[in-house]
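Data first, discussion second: the structure below is written as structure tokens.
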Amino acid sequence: MRTILLPAIAAIAAIAVAAPAMAETTTRDLEVIGRALGFVEGASGSDRTVAIVYDAASEAEAQALASAMSGGLSAGRVTLNGRLVSSSDLSGLSGVDAAVLLGSAASDSNVASAVNSSGAMSVSTDMSCVESGGCVMGVQSAPSVRIVVNRANANAASVSFAAAFAMMIEEI
Amino acid sequence: MNTRIIMTTVSALAASAALGGQSFAQTLDYQMMSELFGEPVTAGATGAPQRASDVPATMIIITQDDIQRFPEYDIPGIIRHFGGMDVTRYAFGDGQTNIRGAAIGYTPRLLVLVNGREVYIDTYGYTAWSSLPVRLDEIQQIEVVKGPQSALYGFNAVGGVVNIITRNPAQQDYLVARVNYGGDEYTEASMVGGRSFGDDFAVRFSYGNTEADEFTPFASNTYAAELSGDRYRRETGALQARYRFSDKVNISAETTFTDGFWAENTSVYYATSSLYELASYKVDLEADSDFGFWTLSAYRNETDVGPAFGPLSAELTAYRAQNLFKIGTDNTIRLSVEYREGDAGSFPQPGNGGFGYETTAFSAMWNRRISSNVDLTLAGRFDSMDWSRDGDPNPMFFAFTADDYSVSYEEFSYNAALVWRPESGGAVRFSAAQGVQAPTMFDVGFTLPVDIGGGFMVGVSGNPSIEPAIINNYEIAYDRTLSNGVEFRGAVFLESTSDVKGVFGMAPDLLPPSAPVPTYLFDNRGDTETMGVELTLSGGSDDGFDWDANYTFKAVEDDMQPFGVNTALDFEGATPSHIFNGHVGWTSGRFTADGYVNYVSSIDMPLQPVFGPITSVPVEGYTAFSFRGGWDVNEHVGFSLNAQNVNFGDGEVTNTHHEHESRVWVGLTVRQ
């Protein structure tokens, strides 16, 4: 009977092939970010203002994301409203709930520091921002949803999450 | 020095826990979490909330959307379509269900919960599925955890766990009224709903009544034939209130009832019709603190069952305290203590002394994220169980005195699993578990004198010397979404059970002078081992089609006392080697259409048509076809046409008790 085990195991293992895909900052990423914002403690109401922080190289990408949020992008409990903020002029961060960092803004410690000190949640699809930079959250929506939270950066930004959410994501 | 180190460590842990367990200000919001992660979520595998792809166990999660697509009127009917599930329908309302093993009468290997409350019949550890006080329209999701789960759920979670979670009225207002009408006098009317009143108070209610003609019993089955003409009747109700004291503390109170009458197959493979009157009461207090998320639960089940061989009246009261918290960023801990007390009057014959048990259990679970793609989960539980009886059984028939029933069991169970998500995609799970199947009230305390003719008496007796059965399971599983969007799930498992608890055969286990009369005992009957493979594929297309198919292979080897002579158990014969299920569905706007096929290979099923003679009857393999069409007139009103097992006609032989009949019905739902 147990002789059937090895071929069966081999058959299952043989399916483990192919390479993973890389995610880009997309509307789907925004939806994941918006749904995650629904588990940030302390916020009230359903509207959330999201800053798109961009550099010159990522301006087109920023415009596309802002366009996706024009008129409000529904994401679970919340509705996202976009605001374009240039990384060279961060005054537009005032009053935002989250800031999506694009291009070199994701690796600019001054940008992350400014976002965090404003009490907003800094987030990027560039995972190096949350892993070694100043972002509170890193998000990938494809091929499957991956959410990483940097606890030290979250504490610095006074951002906290519902514990059920915290247990289902990666904390570093 | 040592003391200082320990104190330092404890302080560090407490500080970390305070940081980690910052906020658990809500119960798990299944819908929101599922939408966020793009997959079902569950707390059923470890007690901690997890994504389906992260759980350290092989699971099935059936959502409300899934439920609405099945041409089925009960939960066993739905479950039969999934891989690794064994369902045998002995009568209209008796769809016995097991995981990776024969669905025998009164299957005692499955722990079934509704919102965390045990709903199996504690006297024998079986699930009378028609007694569940839950309607399909109010279910958020059904979670099936395969393999022994004693370390999390305790005794009897040895084949696995079915956790039924109802919709949370605090998270979603809903109201569904349903009427089903079909052949063989099948009628079902139900209304379920949930509503919030302000931010802090919410109510869920459920009521339903189902009636139908029972399946036609086989004339050759004497006991079953006596049930000819019986009608199935099931009435259930539930009322739950939730109140939020603050963002961090909430309380829930629930009461349910079931009143029903239906045919069923018993553990000794003779048929009976039973009256069920059940009631339950449950309170949960949940509190988020700086030291974790606390859950305090208490519930009471009151059970009155009236089968042909005598009334069973029992109560189960359980209390549980649990704390769930994180230490640092990578360690999730669950600590739990539980006390439960089960009491029963003398049954089936009164006057032999009431009896019961007390169980105290401690359990712990540790989930460690070793790296971004490797998780380790270890869980253990220690149970201490003490039995007692407050009177001597009648010495004219029974060999045991009240003192003989003062027995104790102390058992340890564990679950260990490593989940590895390779760079190439998917998740691989390696798991090992040891479960404990404790003796039940039948096993220990049953007392029934039987006149087998001419005034010659024998005794049927529980056995205070019976030992718990120990189940070990080893499994490798792999889940993956392929590049074309097709989802693959596969598992290979090896499960062994030692000291199988089983009922008697034709030969008495005790003879005078060891007992006053020849006595049939509940006893340990040997060992059994099952090796199996499960394969599931599912997919869909942009034009509204979806499909899934699963295949399960099982090979069973029994090392048991002789079948028929000493026991009615025959896992080797009663377990189908091959089960295949397939489904194709289509959705377009307000229309849905679904077709299902189920194949179950041949088995040899035990049969006891009258007390004593136990035979084994071949049951040929069968294939069933079912269909459902749905039309939503608008967002509030929907119709469905359901055709279940359409090729069965007036009867297909799938068991040894009742002819399994096809059924066609129409359904009307009104939603708000």
Side-chain angles (χ1 to χ4, degrees), chain A residues 1-21 28 31-42 74-78 127 131 139 141-152 154-155 159-172, chain B residues 19-29 31-33 35-39 41 43 48-51 53-54 247 288 292-293 324-326 328-330 332 367 369 372 422-426 428 476-478 480-483 488 490-494 529-533 535 553 555-557:
Chain A
M1 184 173 71
R2 298 184 191 191
T3 57
I4 303 172
L5 280 171
L6 288 177
I9 293 170
I12 291 173
I15 299 177
V17 293
R28 170 61 183 152
E31 290 172 347
V32 171
I33 292 167
R35 293 179 193 282
L37 276 173
F39 294 97
V40 173
E41 290 191 314
S74 179
R77 295 194 189 102
V78 305
M127 283 298 181
E131 290 168 351
V139 166
S141 62
S144 60
V145 172
R146 183 181 180 215
I147 299 174
V148 180
V149 166
N150 185 309
R151 184 182 281 187
N155 289 339
V159 173
S160 61
F161 300 92
F165 176 82
M167 290 183 181
M168 299 174 75
I169 50 103
E170 295 176 48
E171 285 190 296
I172 58 176
Chain B
L19 291 171
Q22 292 167 29
S23 53
F24 208 147
Q26 58 185 23
T27 53
L28 191 56
D29 188 333
Q31 184 171 340
M32 293 301 300
M33 290 291 194
E35 290 174 359
L36 168 61
F37 292 110
E39 60 180 313
V41 300
Q50 292 178 295
R51 301 165 62 166
S53 58
D54 286 341
D247 287 345
D288 179 14
F293 188 77
L324 182 65
F325 55 94
K326 287 187 81 169
T329 57
D330 298 324
T332 301
N367 174 261
R369 182 169 288 256
S372 63
E423 292 296 326
S424 56
V428 184
I476 301 174
Y478 182 61
R480 173 161 190 188
T481 301
L482 305 178
S483 56
F488 167 83
V492 181
F493 63 90
L494 177 66
E529 183 175 275
T530 302
M531 190 287 295
V533 178
L535 302 171
F553 168 78
V556 181
E557 285 185 4

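Because only heavy atoms are used, hydrogens play no part in the values below, and waters and symmetry mates are left out as well, while side chains stay in. Below, read A as the first sequence line, B as the second, and so on, with proteins coming before strands; counting in each chain starts at 1.
Across all their heavy atoms, A:I147 and B:L36 have their closest contact at CD1-CD1, 4.0 Å. Here the closest heavy-atom approach between residue B:V41 and residue A:M168 is recorded as CG1-CE, 3.2 Å.
Residue with the most contacts toward chain A among B:T329, B:D54, B:T481, B:D330: B:T329 (heavy-atom pairs, distance under 4.5 Å).
In this structure, the portions of B:S372 lying under 4.5 Å from any heavy atom of chain A include both its backbone and its side chain. Proximity to chain A involves both the backbone and the side chain of B:E35, based on heavy atoms less than 4.5 angstrom apart.
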Exercise. Step by step, work out the side-chain contact (heavy atoms from CB on, under 4.5 Å) result for B:F37 and A:R35.
Key: CA-CA 9 Å; B:F37 292 110; A:R35 293 179 193 282; over 6 Å; no
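The backbone N or O of B:G328 sits less than 3.5 Å from a side-chain atom of A:R151, completing a donor-acceptor pair. At least one donor-acceptor pair under 3.5 Å links the side chain of B:R51 to the backbone N or O of A:V145. Although no hydrogens or angles enter the test, the distance criterion places no donor-acceptor pair under 3.5 Å between the side chain of B:K326 and the main chain of A:A163.
Side-chain contact between A:R77 and B:M32: present, with at least one pair of heavy atoms (C-beta onward) separated by less than 4.5 Å. Looking only at side-chain heavy atoms (C-beta outward), A:E170 and B:R369 come within less than 4.5 Å of each other.
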